[in-house]
Amino acid sequence: MSGIRRLVSTLAFSTLLVALAGPLTAGAQEAAAAPPTAVADAASIEPAIPNSKCFNCHDDAEMKDEAGKSVAVHEAQFTVSAHKKLDCVGCHTAALGVKHKGKRQPLGPVSFDVCMECHEDEITPFQGSVHARVKGGKPGTCEGCHGNVHTFVRSNNPAAAMAPLNQVRNCGVCHEDMLEGYLSSVHAKSLFVSGLTDAAPSCSDCHGSHDIQRHDAAGARTSHKMSPETCGECHKGILKEWDESAHGALWREGKDGPVCSTCHEAHAIQDPTTVAMRTQMPSDCGNCHADLYKTFHDSFHGKSTAVGRRQAAMCSDCHTPHHNLPASDPRSSIHPDNLAATCGASNCHAGKVNASFLTFIPHSDPMDKDQNAWVHYIYLGMTLLLLGVFGFFGLHALLWLQRTLVGRLRGEFKVEHFGPGPYVRRFTTTQMWLHISIILSFLLLSVTGLPLKFSAAPWAPGLMRALGGAEIAGFLHRFAAIVTFGYFAVHLGMLFRDVVLKREKGYFWGWRSMTPNLKDVQDLWANLKYFLYLGPRPELDRWAYWEKFDYLAVFWGVGMIGVSGLILWFPNAATQLLPGWALNAAYIIHSDEALLATGF
């Protein structure tokens with residue numbers, strides 16, 4: 001048995017020796033069979049020209065070719081560059097076959113074929129890029145972006161031409177408009193101000209590096225098809241939300257719906273939470289949602305947004321910035337089950353909003369009877385009231401003006417100022433102070449309310465800023481409203497004292513009454529005949545019909561404007577008793593009555 005084991009061991013060892021000796025023997029036979037000339041050629045190959053020999057001439061800042069172009073290559077710069085380990089003749093292969101002396105016969109440009117040996121992964125996509133198709137000038141070659149091939153450093157070096165900070169400047173040499181937009185963006189602030197070079201995107205993060213295509217090309221990273229995924233490389237959470245939205249659904253279906261750059265622009269991307277961007281965003285949404293933008297623009301929310309009120313609700317506050325869904329979707333922020341949380345957000349109507357409040361119509365169209373008949377007819381009534389009052393008294397004023405001018409030219413009026421007397425004091429001290437309160441509070445109400453009424457006018461935002469901003473203007477408006485309620489209450493108290501307590505006569509009838517009567521109708525008719533040269537100038541009572549109209553308009557106006565203003569001021573409390581559409585109606589009444597009071 002032991003003999004068998006020794007025999008097996010001997011055979012295995014012999015086999016191993018044969019296996020090892022076989023290749024050596026074959027190699028020796030191939031060497032012996034090689035022709036003598038091959039051995040001689042191998043021995044005659046000379047080493048490449050050393051770089052030091054090139055630097056002997058080219059390490060000279062003043063060295064130029066016959067065309068005047070610099071051909072200087074400084075050894076100190078080259079030895080720290082990305083190509084420091086390469087031989088000069090490895091790229092300038094023509095140097096091996098050209099007598100490079102005397103007048104320095106040019107070696108010609110280095111072709112991409114040489115670069116391809118090391119940079120095939122970069123050059124192959126570059127040759128199909130938009131930059132490769134540029135006719136002449138930069139960036140037709142690598143040096144157009146990366147700089148001098150003898151001095152540029154690796155891309156991960158902060159000093160590299162294509163490092164995050166430097167590439168923005170270098171790309172901007174050709175793309176000036178894009179650079180201007182980018183430098184104003186939040187991306188640029190993060191990169192240049194905050195120094196977030198690993199997080200903030202520069203040009204190549206969005207457009208790619210060597211395979212850059214036109215933005216409208218199908219394969220471009222910034223195309224409509226690919227830009228959401230490009231932006232999503234950084235904004236992963238936002239991409240996930242947006243992908244589930246109505247906008248994302250259109251994109252997935254290949255339809256022409258909005259993508260990131262549609263709303264945020266391409267280069268001049270701003271912080272969407274600023275007042276300026278919140279003011280602009282509704283009009284951007286209106287590019288697609290024209291009908292909804294019109295109703296929003298005419299609403300209290302829209303007008304408040306337009307004059308720069310930060311707390312005013314705009315599109316994204318209700319519909320969310322990226323997860324917008326139709327109201328029928330249970331996930332939607334405006335689904336009936338979610339409205340209380342949306343409207344009751346901390347920056348809006350904080351607290352628990354009631355069910356009636358939630359029936360408010362945010363995109364109200366008062367011309368649409370089917371949307372809400374009450375709002376529709378109130379709107380028509382207020383419009384007719386405005387047209388009627390302004391039309392009648394406008395014509396009345398014009399007729400009066402022309403009759404007065406003609407009368408002055410005819411010498412019909414005997415004008416005396418500061419005559420011998422007697423003088424009659426018409427108002428008590430209390431009444432004068434009441435009038436001062438009326439005038440000052442009314443002017444303050446007007447100057448703070450008109451910019452909101454005409455928020456689309458070019459002067460409105462400027463006036464609002466002059467008042468200290470929309471928030472300060474709102475405070476002043478409410479302060480003036482409190483003064484208005486105050487003087488109105490004092491006047492009612494005076495009337496109660498005189499009529500009820502003192503039982504004075506003449507407040508509701510008689511020559512000194514402010515109550516309209518048949519004599520006022522007769523005076524109006526006589527005055528119109530006088531304006532038209534059809535009768536004499538009438539003798540009026542102590543209070544003319546237009547003075548009574550002014551006086552009673554305060555009662556009407558304070559009631560209508562005051563009550564509607566309180567409803568808008570305290571919407572949660574108001575809708576405890578009123579339906580949600582009452583807020584829409586109150587807005588119409590308050591706005592149109594205020595315009596009537598200001599204009600009249």
Side-chain angles (χ1 to χ4, degrees), residues 164 181-182 185-191 194 196-209 211-213 215-274 277-278 280-289 292-293 296 313-348 362:
Y182 176 83
S185 71
V186 291
H187 287 162
K189 292 176 183 177
S190 299
L191 183 63
S194 302
L196 302 176
T197 54
D198 292 332
S202 52
C203 309
S204 60
D205 292 304
C206 300
H207 295 277
S209 53
D211 58 344
I212 299 176
Q213 304 293 322
H215 68 88
D216 54 358
R221 287 168 52 87
T222 55
S223 66
H224 183 275
K225 178 182 178 181
M226 300 183 66
S227 61
E229 294 176 343
T230 299
C231 298
E233 291 177 3
C234 295
H235 305 285
K236 293 181 175 61
I238 292 176
L239 175 62
K240 183 178 183 300
E241 282 189 6
W242 181 83
D243 187 61
E244 297 174 352
S245 71
H247 293 162
L250 291 175
W251 173 72
R252 289 196 309 274
E253 295 170 4
K255 297 181 180 179
D256 190 24
V259 293
C260 312
S261 58
T262 309
C263 303
H264 296 280
E265 297 188 41
H267 297 94
I269 302 172
Q270 303 298 313
D271 180 357
T273 64
T274 63
M277 287 305 299
R278 288 178 60 83
Q280 176 185 327
M281 190 59 68
S283 62
D284 292 339
C285 297
N287 291 332
C288 299
H289 307 284
L292 292 175
Y293 173 65
F296 172 81
M314 40 83 75
C315 313
S316 59
D317 293 311
C318 300
H319 298 276
T320 75
H322 301 102
H323 200 248
N324 36 72
L325 293 164
S328 58
D329 193 316
R331 299 171 298 167
S332 172
S333 58
I334 57 171
H335 185 272
D337 294 342
N338 302 324
L339 268 181
T342 300
C343 299
S346 59
N347 61 327
C348 294

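Both backbone and side-chain heavy atoms feed into the values below; hydrogens, waters and symmetry mates do not.
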Can any side-chain N or O of [X] pair as donor or acceptor with the backbone N or O of [Y] at less than 3.5 Å?
{"X": "S223", "Y": "G219", "value": "no"}
{"X": "R278", "Y": "T273", "value": "no"}
{"X": "T342", "Y": "S333", "value": "yes"}
{"X": "D243", "Y": "G248", "value": "no"}
{"X": "T222", "Y": "S227", "value": "no"}
{"X": "D329", "Y": "P326", "value": "no"}
{"X": "S332", "Y": "L325", "value": "yes"}
{"X": "W251", "Y": "H224", "value": "yes"}

[atom1] of [X] to [atom2] of [Y]: how many Å apart, nearest 0.5 Å?
{"X": "S204", "Y": "I212", "atom1": "OG", "atom2": "CD1", "answer": "7.5 Å"}
{"X": "K240", "Y": "S245", "atom1": "NZ", "atom2": "OG", "answer": "12.0 Å"}
{"X": "H247", "Y": "T262", "atom1": "NE2", "atom2": "OG1", "answer": "9.0 Å"}

Shortest non-hydrogen contact from [X] toward [Y]:
{"X": "M281", "Y": "C263", "result": "CE-O, 4.2 Å"}
{"X": "T230", "Y": "D205", "result": "CG2-O, 4.2 Å"}
{"X": "A327", "Y": "P336", "result": "O-CD, 3.9 Å"}
{"X": "P282", "Y": "C315", "result": "CA-SG, 3.8 Å"}
{"X": "P201", "Y": "C206", "result": "CB-SG, 4.2 Å"}

Taking the ring centre of each residue, are H323 and H335 less than 6.0 Å apart?
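No: the rings miss the under 6.0 Å criterion.
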
Less than 4.5 Å apart, any side-chain heavy atom of [X] and any of [Y]?
{"X": "R331", "Y": "E244", "result": "yes"}
{"X": "L191", "Y": "L196", "result": "no"}
{"X": "L239", "Y": "C231", "result": "no"}
{"X": "E233", "Y": "R221", "result": "yes"}
{"X": "S283", "Y": "Y293", "result": "yes"}
{"X": "V259", "Y": "P228", "result": "yes"}

Residue pair M277, D271: steps toward the side chain to side chain contact (heavy atoms under 4.5 Å, CB included) verdict:
CA-CA 7 Å; M277 287 305 299; D271 180 357; 5.9 Å; no

Going by the angle between their ring planes, with limits at 30° and 60°, are H322 and H264 parallel, tilted or perpendicular?
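H322 and H264: parallel rings.
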
